[in-house]
Amino acid sequence: MKPKKSSAASLHQQILTDIEKRIVSGDWPPGFKLPFEVDLAKSYNVSRMTVNKVLTRLADAGLIERHRKTGTFVKQPNAQAAILEIHDIEAEVLALKQKYAFKLVDRSARNANEHDLARFGLSKNIDVEEIACTHFAGDAPFCWEHRLINLDVVPKARAVDFTHIPPGQWLRLQVPWTTAQHKIYSIAADADIARRLDIAKGSPCLVVERRTWSDQGPVTVVRFTYPAEKHAVVATFTPASSG
C-alpha cells in the first residue's frame with residue numbers, strides 16, 4: 001500500500017512528533033536504543049535524510065544522544081524531578097491558607113517566531129497566543145507565568161477573556177491533554193523578574209517549564225517562575241518491583 005502523498009515538511013513533523021511522544025510518554029525510556037536510521041526510514045517510508053534531520057532536532061532538544069559507533073539512545077535526564085501531575089496554581093495557594101488572585105499583564109496573538117517553534121518542537125508555521133500574568137498569594141506575587149498557546153490546535157483561545165480565568169485553568173477544562181513534559185531549574189532573578197515578583201534582583205527563583213500535547217499536536221508551552229522560598233517540588237514514589 002502506498003503512503004498518502006504529503007510534503008517533506010509535514011512528513012518530517014509527523015515523524016518528529018511520533019518519536020518525541022514515545023520518549024516523553026516513557027514508551028521509549030532513558031537508555032532505550034532507537035532503531036538505526038535505515039530501519040526508521042523504512043518503517044516510516046521516507047528517505048534516510050529525513051530521518052537524520054528528525055534525529056538531529058531531537059538531539060538538539062536534549063531528548064536523545066547519538067554515538068558514532070554504538071547508535072542513538074534516549075538521553076538520561078540531568079537531575080530532573082519526576083512530576084506526574086499538572087497542578088493548579090490556585091490550589092497551591094489555597095493549600096497555603098492564603099487568598100488567591102491573578103492579574104493578566106499582557107496578551108497578543110501573533111505568528112510564531114523561530115524560538116517559539118523550537119519550544120513547541122515544530123518546524124511548520126503556526127499562530128500563537130502569548131499570555132503573561134501574575135499569580136498572587138494574599139497581596140504578594142506568588143508566581144510569574146509566561147505562556148504560548150498553539151492557535152492551530154486551540155483556535156477558540158483567541159476569544160477567551162483571560163482577565164476572568166487563568167489560561168491554565170481554562171486549558172485544562174477545554175482541551176484534554178494526552179502528554180506532558182516538565183523541566184525544572186533554578187535561576188537568579190533578572191531586573192524584569194525581580195520587578196514582577198517584588199523581590200531583589202539576583203534572588204534565587206525556581207522555574208518550571210511545561211509542554212503539553214493533545215491528539216491534535218502540541219497545545220501549550222508555559223514557564224512558571226517562583227521565588228525559591230515560595231515553591232517546592234514534591235514527588236511521591238512507590239518501590240519498583242525487583243522481579
Side-chain angles (χ1 to χ4, degrees), residues 3-28 40 44-47 49-64 83 86 88-89 102 104-133 144-183 207-224:
K4 295 179 181 178
K5 290 185 178 180
S6 182
S7 69
S10 63
L11 283 172
H12 173 278
Q13 186 55 50
Q14 289 170 22
I15 300 167
L16 180 68
T17 300
D18 183 49
I19 295 178
E20 188 173 45
K21 281 185 177 180
R22 289 172 183 254
I23 294 171
V24 172
S25 68
D27 187 29
W28 288 1
L40 285 171
Y44 286 107
N45 198 21
V46 296
S47 70
M49 181 181 296
T50 297
V51 170
N52 183 270
K53 289 180 179 178
V54 169
L55 296 182
T56 298
R57 287 282 301 277
L58 291 169
D60 290 343
L63 293 176
I64 64 172
I83 305 299
I86 292 185
D88 179 73
I89 295 178
F102 83 98
L104 178 68
V105 176
D106 193 23
R107 71 176 294 182
S108 61
R110 58 177 175 78
N111 188 248
N113 58 38
E114 187 174 344
H115 178 65
D116 300 331
L117 294 176
R119 294 181 67 193
F120 275 108
L122 293 173
S123 55
K124 66 173 185 176
N125 289 327
I126 61 171
D127 287 332
V128 296
E129 187 81 17
E130 183 174 18
I131 300 171
C133 55
W144 169 251
E145 173 181 347
H146 178 267
R147 181 184 296 270
L148 298 175
I149 299 175
N150 182 354
L151 291 174
D152 285 20
V153 172
V154 196
K156 57 186 176 181
R158 292 179 184 271
V160 178
D161 183 357
F162 287 119
T163 61
H164 295 299
I165 183 170
Q169 284 187 14
W170 182 84
L171 284 168
R172 281 195 300 278
L173 293 170
Q174 299 293 325
V175 187
W177 58 276
T178 57
T179 308
Q181 180 187 64
H182 286 87
K183 180 180 178 182
V207 178
V208 178
E209 289 191 358
R210 177 190 301 150
R211 292 194 293 174
T212 56
W213 292 261
S214 72
D215 291 333
Q216 284 70 50
V219 173
T220 186
V221 292
V222 59
R223 180 183 296 117
F224 300 107

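Side-chain contact between Thr212 and Pro218: absent, with no pair of heavy atoms (C-beta onward) separated by less than 4.5 Å. Under the 4.5 Å side-chain criterion, counting only non-hydrogen atoms from C-beta, Pro166 is not in contact with Ile89.
Taking Arg57 as the reference, nothing meets the salt bridge (charged side-chain N to carboxylate O under 4.0 Å, His left out) condition, with sequence neighbours excluded. With sequence neighbours excluded, the residues that form a side-chain contact (heavy atoms from CB on, under 4.5 Å) with Asn113 are Arg110, His115, Asp116. Residues forming a side-chain contact (heavy atoms from CB on, under 4.5 Å) with Glu209 (at least two apart in sequence, or on another chain): Lys183, Tyr185, Val207, Arg223. Applying the salt bridge (charged side-chain N to carboxylate O under 4.0 Å, His left out) rule to Arg119 yields no partners; only residues at least two apart in sequence or on another chain are considered. Residues that satisfy the side-chain contact (heavy atoms from CB on, under 4.5 Å) test with Val160, not counting sequence neighbours, are Phe162, Ile165, Trp170. Here Arg211 pairs with Glu20, Gln181 under the side-chain hydrogen bond (donor to acceptor under 3.5 Å, both in side chains) rule; sequence neighbours left out. Every residue two or more places apart in sequence or in another chain that forms a side-chain contact (heavy atoms from CB on, under 4.5 Å) with Asn125 is listed here: Asn111, Leu117. A search for side-chain hydrogen bond (donor to acceptor under 3.5 Å, both in side chains) contacts involving Glu145 returns His135, Arg147, not counting sequence neighbours. Listed by chain and residue number, Gln13 satisfy the side-chain hydrogen bond (donor to acceptor under 3.5 Å, both in side chains) test with Thr17 (two or more places apart in sequence, or in another chain). Take Asp152 and apply the salt bridge (charged side-chain N to carboxylate O under 4.0 Å, His left out) test, not counting sequence neighbours, and it matches no residue.
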Please assess Trp177 against Leu171 for the test side-chain contact (heavy atoms from CB on, under 4.5 Å), listing each intermediate value before the final yes or no.
-> CA-CA 9 Å; Trp177 58 276; Leu171 284 168; over 6 Å; no

Does the pair Trp28 and Ile19 meet the rule for a side-chain contact (heavy atoms from CB on, under 4.5 Å), with working shown?
-> CA-CA 9 Å; Trp28 288 1; Ile19 295 178; 3.8 Å; yes

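Annotation: salt bridge (charged side-chain N to carboxylate O under 4.0 Å, His left out) contacts involving residues 155-165, sequence neighbours excluded, comprise Asp127-Arg158.
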